[in-house]
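Here's the structure, in structure tokens; my notes come after.
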Amino acid sequence: MYKMIIALLLISQFSKGQNKRFIYEYNFARDSTYLEIKEKEFLNLDIGKTGSKFYASEVPEQDSLVKIKERPMGKYPYQGIKFLELIIKKYPGLSIDFYTSCQNYYRVNMTKKLDWQISPEKDQFLGMPVQKATTVLNKRKWTVWFTPDIPIQDGPYLFQGLPGLVVKAEDENKGISFTLVAIKSLSAFDIKDIPYYFRLDPISIDEDALRKVLKNYYEKPVPAFNENSGDDHRFYDNSGKELTRAEFSRMMEQSTKNALKKSNNLLRWDIIK
């Protein structure tokens with residue numbers, strides 16, 4: 001009830017402050033054969049006059065630690081963050097900059113004009129009126145709920161184009177969902193201020209090129225080796241048996257393939273399905 005009251009107060013003041021942060025709970029199953037086993041993370045949708053930014057809620061804290069060159073003992077920057085991607089939508093229009101990584105860092109310019117089927121079915125969510133809509137995104141079918149009480153044609157992930165903010169989205173297999181849990185005011189919004197790990201010259205490509213990058217990695221993941229390790233560097237398998245560099249490379253590649261097969265339900269792999 002407390003969260004609902006806070007949310008309603010913030011919504012009522014929405015027109016008074018343009019910059020807002022919508023916080024979503026992201027629930028997802030990595031493995032499509034075990035959809036009941038889910039992980040959770042909170043993601044921010046920051047909205048200003050020029051557009052929106054969608055990223056993991058923990059990123060600002062991690063960025064501040066990186067800037068002052070501090071981090072918890074034994075923890076690398078951004079370790080533990082599951083949604084290490086950034087989605088920038090530019091207003092007006094449907095232009096999207098999708099930042100991701102796959103052995104390199106990439107900035108992908110894309111346009112996603114979704115074909116929405118708006119249902120007459122209505123309900124209530126956090127005390128707000130919501131309406132049901134469905135669409136297909138990268139071959140995955142989604143059911144979403146949007147609210148006309150927040151007149152923003154935006155939402156989590158790549159969702160946009162409805163006459164109101166998307167407050168909940170779930171795929172048809174119930175393996176992935178985004179649910180609005182909180183709303184905050186932002187004192188400032190700068191669409192050019194991006195997470196630290198994407199500031200170091202990401203490679204600019206289009207969606208077709210990204211599809212090739214992901215497909216190549218999925219089919220033949222090649223582990224990175226330190227070329228300065230020298231010929232005297234030794235490699236071992238899990239039993240302690242010494243391996244040649246080539247044998248170790250093949251073992252690591254197969255291990256990565258097995259891990260990818262168990263993570264086949266992640267959104268990034270929808271791009272190559």
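Remember, it's a predicted structure, so these values are computed and weren't measured experimentally. Numbers here are sequence positions counted from 1.
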Inset, instruction - Please tell me if the side chains of S101 and Y106 come closer than 4.5 Å, counting only heavy atoms from C-beta onward. - result: no
Inset, instruction - Step through it carefully: locate the ring centre of W269, locate the ring centre of Y218, and say whether they are under 6.0 Å apart. - result: yes
Inset, instruction - Please list, chain by chain and in numerical order, all residues satisfying salt bridge (charged side-chain N to carboxylate O under 4.0 Å, His left out) with K212, sequence neighbours excluded. - result: none
Inset, instruction - Count the heavy atoms of every other residue, nucleotide or ligand shown that sit under 6.0 Å from NZ of K192, and state whether that count exceeds 12. - result: no
Legend entry - Test item: S177 and K168 side chains (from C-beta on) under 4.5 Å apart, heavy atoms: no
Legend entry - Neighbour count above 12 (heavy atom, 6.0 Å) for Y91 OH: yes
Inset, instruction - Spell out, yes or no, whether V136 and Y157 are grouped together once hydrophobic residues are joined by side-chain heavy atoms under 4.5 Å, including indirect joins. - result: no
Inset, instruction - Taking the side chain as every heavy atom from C-beta outward, state whether T134 and S119 have any pair of such atoms under 4.5 Å apart. - result: no
Legend entry - Pairwise distance CG(L210) to CZ(R107) - rounded to 0.5 angstrom: 13.5 Å
Legend entry - Ionic contact status for D97 with K90, cut-off 4.0 Å: yes
Inset, instruction - Starting at CG of L158, measure out to CD1 of I87 and round the result to the nearest 0.5 Å. - result: 4.5 Å
Inset, instruction - Report yes if the side chains of L267 and F28 come closer than 4.5 Å at any heavy-atom pair, otherwise no. - result: no
Inset, instruction - To the nearest 0.5 Å, tell me how far D171 CG sits from D270 CG. - result: 8.5 Å
Legend entry - Polar side chain donor-acceptor pair, N265 to R140, under 3.5 angstrom: yes
Inset, instruction - Could you tell me whether the side chain of E170 reaches within less than 4.5 Å of the side chain of K174, counting heavy atoms only? - result: yes
Legend entry - Main-chain N/O of L165 paired to Q153 side chain as donor or acceptor, under 3.5 Å: no
Inset, instruction - Treating Ile, Leu, Val, Met, Phe, Trp and Tyr as nodes and any side-chain heavy-atom pair under 4.5 angstrom as an edge, say whether F198 and F189 lie in one connected cluster. - result: yes
Legend entry - Distance flag, aromatic centroids of Y24 and F22, threshold under 6.0 Å: no
Legend entry - Side chain K132, main chain K122, donor-acceptor under 3.5 Å: no
Legend entry - Distance-minimising heavy-atom pair for Q160 and W116: O-NE1, 2.8 Å
Legend entry - Electrostatic pair K89-D154, nearest N-O below 4.0 angstrom: yes
Legend entry - Close side-chain approach of V144 and L162, heavy atoms under 4.5 Å: yes
Inset, instruction - Could you tell me whether a side-chain N or O of R211 sits under 3.5 Å from a main-chain N or O of I271, the two making a donor and an acceptor? - result: yes
Inset, instruction - Examine L35 and Y26 and state if one hydrophobic cluster contains both, with Ile, Leu, Val, Met, Phe, Trp and Tyr joined whenever side-chain heavy atoms are less than 4.5 Å apart. - result: no
Legend entry - Atom pair CD/CZ of E41 and F178 - distance to nearest 0.5 Å: 10.5 Å
Legend entry - OH (Y34) with more than 12 external heavy atoms under 6.0 Å: no
Inset, instruction - For the residue pair V167 and V130, establish whether any side-chain heavy-atom pair is separated by less than 4.5 Å. - result: yes
Legend entry - Note: K112-E207 ion pair, threshold 4.0 Å (strictly below): yes
Inset, instruction - Please determine if D46 and K53 form a salt bridge, counting it only when a charged side-chain N lies under 4.0 Å from a carboxylate O. - result: no
Legend entry - Gap separating the OG1 atom of T100 from the CG atom of L86, nearest 0.5 angstrom: 10.0 Å
Legend entry - Backbone N/O of G175 and side chain of N173: donor-acceptor pair under 3.5 Å: no
Legend entry - Hydrophobic cluster membership, I203 vs Y217, 4.5 Å side-chain cutoff: yes
Inset, instruction - Enter the distance from K20:NZ to S52:OG here, rounded to the nearest 0.5 Å. - result: 15.5 Å
Legend entry - Over all atoms of both residues, closest heavy-atom pair of F159 and A169: CE1-CB, 3.7 Å
Legend entry - V166 with I118, same ILVMFWY side-chain cluster at under 4.5 Å: yes
